[in-house]
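Right, one structure below, let's go through it.
Sequence positions, counted from 1, serve as the residue numbers for this chain.
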Amino acid sequence: MKIELGYGAGTQTATIPDEYSAALLLPREGGAAEDEETLLKNALENPLGAPRLRDIARPGEKVAVVTSDITRPVPSARILPFVLDELYAAGVAPADITVVFGLGTHRAQTEEERRRLAGERAAREVRLMDSDPEDCVRLGFTRRGTPVDVFRAVAEADRRVCLGNVEFHWFAGYSGGGKAIMPGVSSREAVRHNHSLMASPDACAGRLEGNPLREDIEEAAAICGVDFIVNVVLDAHKRIVGAAAGDMVAAHRAACRALDALYAAPIDALADVVIVSQGGAPK
């Protein structure tokens with residue numbers, strides 16, 4: 001089976017071997033009735049399992065806003081203005097806000113890439129930086145022995161806000177949520193240990209409960225501490241068609257349900273299926 005996938009500004013063709021079962025997951029037509037601005041405003045004004053961000057942050061606090069690097073489709077430039085408005089309403093000064101791009105173990109980004117990802121407003125108003133897997137603070141260990149090594153600027157912040165998009169993920173069940181911390185801003189050792197859990201048959205697409213790798217991610221993120229998340233769901237054209245904000249787990253689960261609703265069939269632990277989302281790389 002040959003599938004054409006979006007890759008950077010172009011496309012590449014992937015060949016799925018015949019011995020695998022392959023499912024091309026296509027989202028339903030339409031999606032949310034609201035526009036992106038309405039979806040994001042509603043999510044931030046009505047957070048799940050947490051107060052509004054403006055009621056969490058305090059003047060004088062250092063805030064790290066963690067988002068994805070260039071390898072992920074998180075529309076940071078469209079989300080950040082709403083997050084910044086909430087932080088400013090809390091009295092947080094622009095000089096106390098840092099947007100951190102979680103590289104995991106990926107290459108460093110160029111200044112132009114960071115500005116493009118963050119958008120011109122955020123680039124003008126707050127500090128932008130990549131995470132560094134070699135400059136981490138060890139905060140402890142998960143029950144499965146994964147070191148909780150977090151990039152210093154995130155670990156030492158007073159508040160941590162995590163952005164992400166939710167899509168099906170090969171071994172973490174779904175992307176988003178605590179993945180901004182683990183592996184996003186973690187050390188190489190931490191990423192290797194966490195990712196070794198993908199060998200479990202329960203570490204598969206569409207599974208959250210009982211997925212050891214997802215549970216390890218969320219335990220590590222909880223040890224670090226995440227004050228607020230904003231997760232979005234994108235359609236095949238990378239438009240925001242769903243958004244949830246608030247508690248790291250509650251908001252993430254709501255975004256996962258919104259993603260499931262986009263697809264024609266329910267997704268339930270697709271362990272034996274190669275999953276390809278339209279317009280993106282294999283998950």
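- Follow the hydrophobic side-chain contacts under 4.5 Å out from V63 and you never reach F151; the two are in separate clusters.
- Under the 4.5 Å side-chain heavy-atom criterion for Ile, Leu, Val, Met, Phe, Trp and Tyr, V100 and V137 are members of the same hydrophobic cluster.
- Using a distance-only test at 3.5 Å, with no hydrogens or angles considered, no donor-acceptor pair links the side chain of T98 to the main chain of A64.
- Taking both residues in full, the closest heavy atoms of G225 and R160 are given as O-NE, 2.5 Å, listed atom of the first, atom of the second, then distance.
- D158 pairs by the salt bridge (charged side-chain N to carboxylate O under 4.0 Å, His left out) definition with nothing, not counting sequence neighbours.
- Among residue pairs with one or both ends in residues 244-255, those qualifying as side-chain hydrogen bond (donor to acceptor under 3.5 Å, both in side chains) are E218-R253; sequence neighbours excluded.
- Annotation: R52, atom CZ; neighbour count of heavy atoms from other residues, nucleotides and ligands within 6.0 Å is above 12.
- Looking at E209 and R214, no side-chain N of the basic residue comes within less than 4.0 Å of a carboxylate O on the acidic one, giving no salt bridge.
- Side-chain contact check for P73 versus E167: some heavy-atom pair is nearer than 4.5 Å.
- Cluster membership for L39 and F82, using ILVMFWY side-chain heavy atoms within less than 4.5 angstrom, is shared.
- Residues E4 and Q12 are not in side-chain contact: their nearest non-hydrogen atoms beyond the backbone lie 4.5 Å or more apart.
- Remark: T15 pairs with K2 by the side-chain hydrogen bond (donor to acceptor under 3.5 Å, both in side chains) rule, at least two apart or across chains.
- In terms of the salt bridge (charged side-chain N to carboxylate O under 4.0 Å, His left out) criterion, E111 has no residue partners (sequence neighbours excluded).
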Quiz prompt | Residue pair L213, S200: steps toward the side chain to side chain contact (heavy atoms under 4.5 Å, CB included) verdict | solution = CA-CA 8 Å; L213 191 139; S200 168; over 6 Å; no
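- Between the E61 side chain and the R58 main chain, a donor and an acceptor come within less than 3.5 Å of each other.
- Side-chain contact between C136 and R152 is absent, with no heavy-atom pair separated by less than 4.5 Å.
- Sorted by first and then second residue, the pairs that involve residues 188-231 and meet ring pair (Phe, Tyr, Trp, His ring centres under 6.0 Å), not counting sequence neighbours, are F171-H195.
- The shortest side-chain heavy-atom distance between V232 and P75 falls under the 4.5 Å cut-off.
- Taking E189 as the reference, R138 meet the side-chain hydrogen bond (donor to acceptor under 3.5 Å, both in side chains) condition, with sequence neighbours excluded.
- Using a 4.5 Å cut-off on side-chain heavy atoms (C-beta onward), C204 and N211 make no contact.
- The pair R143-E219 counts as a salt bridge, with a side-chain nitrogen and a carboxylate oxygen less than 4.0 angstrom apart.
- A salt bridge links E112 with R116: the closest approach of a Lys/Arg side-chain nitrogen to an acidic carboxylate oxygen falls below 4.0 angstrom.
- R107 is listed as a side-chain neighbour of I70, based on a closest heavy-atom distance under 4.5 Å.
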Practice problem: Output, in order, the C-alpha distance, side-chain angles, deciding distance and verdict of side chain to side chain contact (heavy atoms under 4.5 Å, CB included) for E36 and R239. | Solution: CA-CA 8 Å; E36 291 187 346; R239 296 174 300 210; 3.9 Å; yes
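- Remark: R144 engages E215 in a salt bridge, criterion side-chain N to carboxylate O under 4.0 Å.
- For the residue pair T146 and N194, no side-chain donor N or O sits within less than 3.5 Å of a side-chain acceptor on the partner.
- Contact check for L40 versus I240: side-chain heavy atoms found under the 4.5 Å cut-off.
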Self-check item: Working for side chain to side chain contact (heavy atoms under 4.5 Å, CB included), residues L53 and V161
Solution: CA-CA 9 Å; L53 183 54; V161 179; 3.9 Å; yes
Self-check item: Worked check of side chain to side chain contact (heavy atoms under 4.5 Å, CB included) between V226 and I181
Solution: CA-CA 9 Å; V226 175; I181 300 296; 3.8 Å; yes
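- Panel note: side chain D130, backbone Q109; a donor-acceptor pair is recorded below 3.5 Å.
- Within the 4.5 Å cutoff, the side chain of M129 has no heavy atoms near those of the V99 side chain.
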